[in-house]
Amino acid sequence: MAASSIYLLHSVLTRRRDQNLHFSSLKSLLFLMPTTLALATSLLILLYISSTSNFFFIHPHHLQLDGASTNHQKPSKILSFSPPKFVGFSEIPNFSARDGVIGETKDQNTFNFHMGSQGSKTYINNEELFHDRDGFHENYKQMNKSLKIYVYPHRQDDPFANVLLPVDFEPGGNYASESYFKKVLMSSHFVTMDPSAADLFFLPFSIARLRHDPRVGINGIQGFIRDYIFNISHEYPYWNSSGGADHFYVACHSIGRSAMEKAVEIKLNAIQVVCSSSYYVSSFVAHKDASLPQIWPRQDNTLNLAHERTKLAFFAGSMNSPVRGKLLQVWGNDSDISVHFGHLTTSYSEELLKSKFCLHVKGFEVNTARVGDALYYGCVPVIIANHYDLPFQDILNWKSFSVVVATLDIPLLKKILEGINGDEYSILQNNVLKVRKHFQWHLSPVDYDAFYLVMFELWLRRSHSRVKA
Ligand SMILES: *[C@@H]1O[C@H](CO)[C@@H](O)[C@H](O)[C@H]1NC(C)=O
Ligand SMILES: *[C@@H]1O[C@H](CO)[C@@H](O)[C@H](O)[C@H]1NC(C)=O
Ligand SMILES: *[C@@H]1O[C@H](CO)[C@@H](O)[C@H](O)[C@H]1NC(C)=O
Ligand SMILES: *[C@@H]1O[C@H](CO)[C@@H](O)[C@H](O)[C@H]1NC(C)=O
Ligand SMILES: *[C@@H]1O[C@H](CO)[C@@H](O)[C@H](O)[C@H]1NC(C)=O
């Protein structure tokens with residue numbers, strides 16, 4: 001109930017915000033009347049729920065719904081910044097290093113918003129990869145022509161050039177998405193030198209590089225960000241004129257979510273494009289913020305994706321969450337669902353190539369590295385993690401190329417996966433092959449790749465009105 005309301009609310013908002021969505025004629029408007037009524041009803045129900053529950057913490061600035069804004073709630077679970085419990089790890093495909101660092105250690109079994117246990121049919125009711133293919137393409141063209149980003153300028157000899165300027169090498173590893181985005185943006189046609197022409201302002205600090213900078217480090221990131229905002233809000237008028245609402249930053253490491261603690265305006269107002277997009281952390285605000293895919297960059301053109309897939313499902317990772325504990329408990333000795341914890345003795349890529357389904361199981365973090373891996377190797381991702389924003393979910397119909405299983409349903413996993421028949425599997429896998437290109441980075445961006453889709457998510461969130469400085 002709540003979930004479908006969220007979805008409907010989201011469609012309403014997308015339409016409301018995006019004045020560029022055209023409806024071709026009055027006829028189609030009339031045709032939409034029943035839908036509109038249904039949406040309005042859902043909205044009312046949503047408002048009712050939001051006033052009686054604390055599942056929702058809707059940010060008033062961005063939603064501007066009078067009813068909802070007065071019921072603005074803080075998330076019930078607030079995570080505090082815990083000092084580092086880990087040693088720095090290098091960015092190599094090392095499973096113990098895949099799963100974020102700081103975070104929740106408790107499962108959230110209370111709110112199953114995706115499918116329950118009705119079986120497979122749910123997944124293929126809508127085979128379309130896009131929620132609205134035509135709307136997407138039309139908007140994409142508009143975005144490509146008109147979206148302008150102002151990047152706060154920093155000189156090569158700035159003492160923090162390493163953090164503020166794009167890296168001068170090809171990004172790699174787990175957190176590559178952050179560096180790729182900045183590098184590609186800076187040489188793209190979206191950048192404008194004229195702040196008055198900008199739709200959005202980019203805060204170019206790199207969380208990953210701050211983390212490794214001995215002058216800052218994990219414990220200094222919050223202070224650095226606070227000082228950075230202090231500096232730009234005194235040197236330039238743009239931050240003050242929107243309270244930060246037309247500003248954004250991009251971060252992939254999970255530490256980013258505690259990085260804004262001393263600059264709460266970023267957290268509350270700015271658009272956070274982050275890999276850690278869980279609803280159960282105080283820093284991520286659904287609809288306002290966007291989920292960044294965590295992608296280990298790979299470019300292997302010789303890959304045979306038509307590999308025979310003999311294994312039902314595969315997972316490899318470290319044992320760092322109750323959800324994974326449950327998986328081990330139930331499927332640890334199964335011959336069809338192959339679950340590996342700790343060091344993998346076989347080849348990871350081979351395993352992904354010969355499995356029909358590849359499991360992404362919430363660890364400390366919800367980050368999507370394994371989803372990116374699965375898609376790259378043509379394996380249908382199975383997402384076992386309750387309630388969080390999947391990358392590009394404003395654009396892509398995740399049900400057409402993945403299977404989402406509530407953590408409560410782990411015991412039903414085999415039944416669910418075996419219940420997906422050959423035809424249904426082909427649909428899912430064909431869509432995996434189609435969606436693959438949206439989860440790839442290129443130094444020189446290619447239309448519809450990960451860079452362009454992040455730009456599209458920003459386009460949906462751009463401000464329509466500007467308070468003059
Ligand atoms: C995994 O990372 C840890 C921490 O950096 C390191 O000590 C270990 O050698 C790595 N393991 C492998 C298999 O690379
Ligand atoms: C987007 O803009 C780039 C740069 O101007 C151009 O090369 C590309 O063809 C455009 N793509 C679409 C779909 O309009
Ligand atoms: C803020 O500005 C001061 C003075 O120019 C500078 O020393 C400091 O490094 C800046 N801090 C950040 C985080 O940008
Ligand atoms: C922005 O607001 C802060 C706090 O109110 C103020 O100190 C600062 O001078 C303002 N910046 C500009 C450029 O006016
Ligand atoms: C798997 O089998 C081994 C050996 O029979 C047993 O010791 C272990 O408890 C089993 N593990 C699970 C998760 O069932």
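Remember, it's 1-based here, ligands and their atoms both numbered in the order they're listed. In what follows, every heavy atom counts, from backbone to side chain, and hydrogens, waters and symmetry copies are set aside.
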Apply the side chain to side chain donor-acceptor pair (under 3.5 Å) test between Glu261 and each candidate in Arg226, Lys267, Gln222; give the one that qualifies. Lys267

Are Arg461 and Asp199 close enough for a salt bridge, meaning some N to O gap below 4.0 Å? no

When you measure from atom 10 (C) of ligand 3 to each heavy atom in Asp158, Ile232, Asn231, which option holds the nearest one? Asn231

Any protein heavy atom nearer than 4.0 Å to atom 3 (C) of ligand 4: yes

Just checking, is any N or O donor in the side chain of His189 or Asn144 under 3.5 Å from an acceptor N or O on the other one? yes

If you take the centroid of each ring, where Trp contributes its six-membered ring, are Tyr140 and Phe136 closer together than 6.0 Å? yes

Quick test: of every protein heavy atom, which one is nearest to atom 14 (O) of ligand 2, and how far off is it to 0.1 Å? Asn144 ND2, 3.1 Å

Shortest protein heavy-atom distance from atom 8 (C) of ligand 2, along with the residue and atom involved: Asp447 OD2, 3.3 Å

Using ring centroids (six-membered ring only for Trp), state whether Tyr249 and Phe205 fall under 6.0 Å. yes

Which pair of non-hydrogen atoms, one from Ser276 and one from Phe284, has the smallest distance, and what is that distance? O-CD1, 4.0 Å

Go through ligand 4 atom by atom and flag the ones less than 4.0 Å from a non-hydrogen atom of Asn240. 1 (C), 2 (O), 3 (C), 8 (C), 10 (C), 11 (N), 12 (C), 14 (O)

Check: Asp227 N/O within less than 3.5 Å of ligand 3 N/O: no

Residue selection (non-hydrogen contact nearest atom 5 (O) of ligand 2) among Gln142, His189, His137: His189

Would Tyr236 count as a contact of ligand 4 if the rule is a heavy atom under 4.0 Å away? yes

Glu235, portion touching ligand 4 at heavy-atom distance under 4.0 Å: neither

Do the side chains of Asp227 and Lys262 get close enough for a salt bridge, i.e. N-O under 4.0 angstrom? no

Counting from 1, what ligand 4 atoms have a heavy atom of Ser233 closer than 4.0 Å? 1 (C), 10 (C), 11 (N), 12 (C), 13 (C)

Atom 6 (C) of ligand 4: closest protein heavy atom, distance to 0.1 Å, is His234 NE2, 3.9 Å

Under-4.0 Å salt bridge between Arg215 and Asp213: yes

